[in-house]
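Worksheet for the structure shown next.
Just so you know, residue 1 is the first one in the sequence shown, and it goes up from there.
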Amino acid sequence: MTFKSFVLIIAIMAVLSSMSHASDPSPLQDFCVAVDDSKNAVFVNGKFCKNPMDVIANDFFRPGLNMAGNTSNQLGSAVTAVNVNNLAGLNTLGISLARIDFAPYGLNPPHTHPRATEVLALFEGTLYVGFVLSNPGPNMKNKLFTKILHPGDVFVFPVGLIHFQFNVGKTNAVAFAGLSSQNPGVITIANAVFGSDPPINDDVLAKAFQIEKKVVDYLQSQFWWDNN
């Protein structure tokens, strides 16, 4: 390799390296309003760091995922999340976990994690799972990917995409999910659209869903269960 070739390779690597760091890091909360007064500021991830000299083993420990969640609700499911809000040692590590319990025919309804990819492993039962791609080109429909899962199966839900899990069996189902953020967030579609506070204008929803306003009013009057 000549000296000129070596210099050219180094130059290309430098350009590529700078390009790879040209975007903002992914946020760990929904928004961060800028302030000029540092006394009123918090770190971007919303958490201050504990003095390393005061850290103990329990900061990285949380028991209880052997206990089933309460699925006696309208959805027949319960999500038990382990994230930075209840396991302080996860702060800045970019990972979290959840146990999801399903009664027979229980549903973890269509939702999205705005800050995380989810990998789900099924331990008990049979689940029908799937996710929908983002909007395609004109006159095209959003593509749906689905799969029937059995114990030992794993399925991945890409970051930000709407997905769901439905127990199609006659027995309980149990799954565990790993998420690529310490605070992945969750937006349950039905709850967000029809159960917001204050409610979205019914003219907006009637036109968006191509339904009568009385149907929107009915849906907005329902109690939208949060299984998290």
Heavy-atom pair with the smallest gap, counting every atom of Pro110 and Ile162: CB-CG2, 3.9 Å
Donor-acceptor under 3.5 Å (Asn73 side chain, Trp225 main chain): no
Flag, side chain of Trp224 to backbone of Leu219, donor-acceptor distance under 3.5 Å: yes
Arg99 side chain vs Leu65 backbone, donor-acceptor pair below 3.5 Å: yes
Side chain Gln220, main chain Asp217, donor-acceptor under 3.5 Å: no
Minimum-distance pair of heavy atoms, taken over all atoms of Ser181 and Arg115: CB-O, 3.3 Å
Heavy-atom closest contact (Lys141 atom, Pro136 atom, distance): O-CG, 3.5 Å
Taking every non-hydrogen atom, the tightest pair across Leu133 and Asn142: O-ND2, 3.0 Å
ILVMFWY cluster, Leu144 and Val156 together (side-chain gap under 4.5 Å): no
Pairwise side-chain contact, Tyr218 with Phe194, heavy-atom cut-off 4.5 Å (strictly under): no
N/O donor-acceptor pair under 3.5 Å between Thr146 side chain and Gly130 backbone: no
Spatial distance of atom CD (Glu118) from atom OG1 (Thr112) [nearest 0.5 Å]: 10.0 Å
Sole residue of Phe145, Phe131, Tyr128 in ring pair (Phe, Tyr, Trp, His ring centres under 6.0 Å) with Phe164: Tyr128
Option from Asn91, Asn85, Asn83, Thr92 for which side chain to side chain donor-acceptor pair (under 3.5 Å) with Gln182 holds: Asn91
Inter-residue atom distance Asp101.CG - Met67.CE, 0.5 Å rounding: 10.5 Å
Thr117 (side chain) donor-acceptor with Val159 (main chain) under 3.5 angstrom: yes
In one Ile/Leu/Val/Met/Phe/Trp/Tyr side-chain cluster, 4.5 Å: Leu90, Phe176: yes
Pairwise distance CG(Leu122) to CD1(Ile148) - rounded to 0.5 angstrom: 10.5 Å
Co-membership, hydrophobic cluster, residues Val216 and Ile189, 4.5 Å side-chain: yes
Distance in Å, Arg62 CZ paired with Thr80 OG1, rounded so as to fall on 0.5 Å steps: 9.0 Å
Sub-4.5 Å side-chain heavy-atom contact between Ile187 and His111: no
Sub-4.5 Å side-chain heavy-atom contact between Leu149 and Leu120: yes
Flag side-chain contact, heavy atom, 4.5 Å: Leu97 against Leu179: no
Smallest separation among heavy atoms of Ile56 and Phe60, with atom names: O-CD1, 3.7 Å
Heavy atoms from other residues, nucleotides or ligands near CD of Gln222 exceed 12 (cutoff 6.0 Å): yes
Full working for side chain to side chain contact (heavy atoms under 4.5 Å, CB included) between Tyr105 and Asn167: CA-CA 5 Å; Tyr105 308 111; Asn167 183 3; 5.8 Å; no
Heavy-atom pair with the smallest gap, counting every atom of Ile211 and Leu205: CG1-O, 4.5 Å
Side chain to side chain contact (heavy atoms under 4.5 Å, CB included) between Leu161 and Val132, worked out: CA-CA 6 Å; Leu161 297 185; Val132 182; over 6 Å; no
Under 3.5 Å: donor-acceptor pair, side chain of His163, backbone of Phe157: no
Residues Asn227 and Ser77: side-chain donor-acceptor under 3.5 angstrom: yes
Validation row: Ser96, Val82 side chains within 4.5 angstrom (heavy atoms): no
Same apolar cluster (I L V M F W Y, side chains within < 4.5 Å links), Val129/Val79: yes
Polar side-chain atom of Thr188 near backbone of Ala190 as donor-acceptor pair, under 3.5 Å: no
Side-chain heavy atoms of Phe102 within contact of Ile100, under 4.5 Å: yes
Single-linkage hydrophobic cluster Phe123~Phe155, side-chain heavy atoms < 4.5 angstrom: no
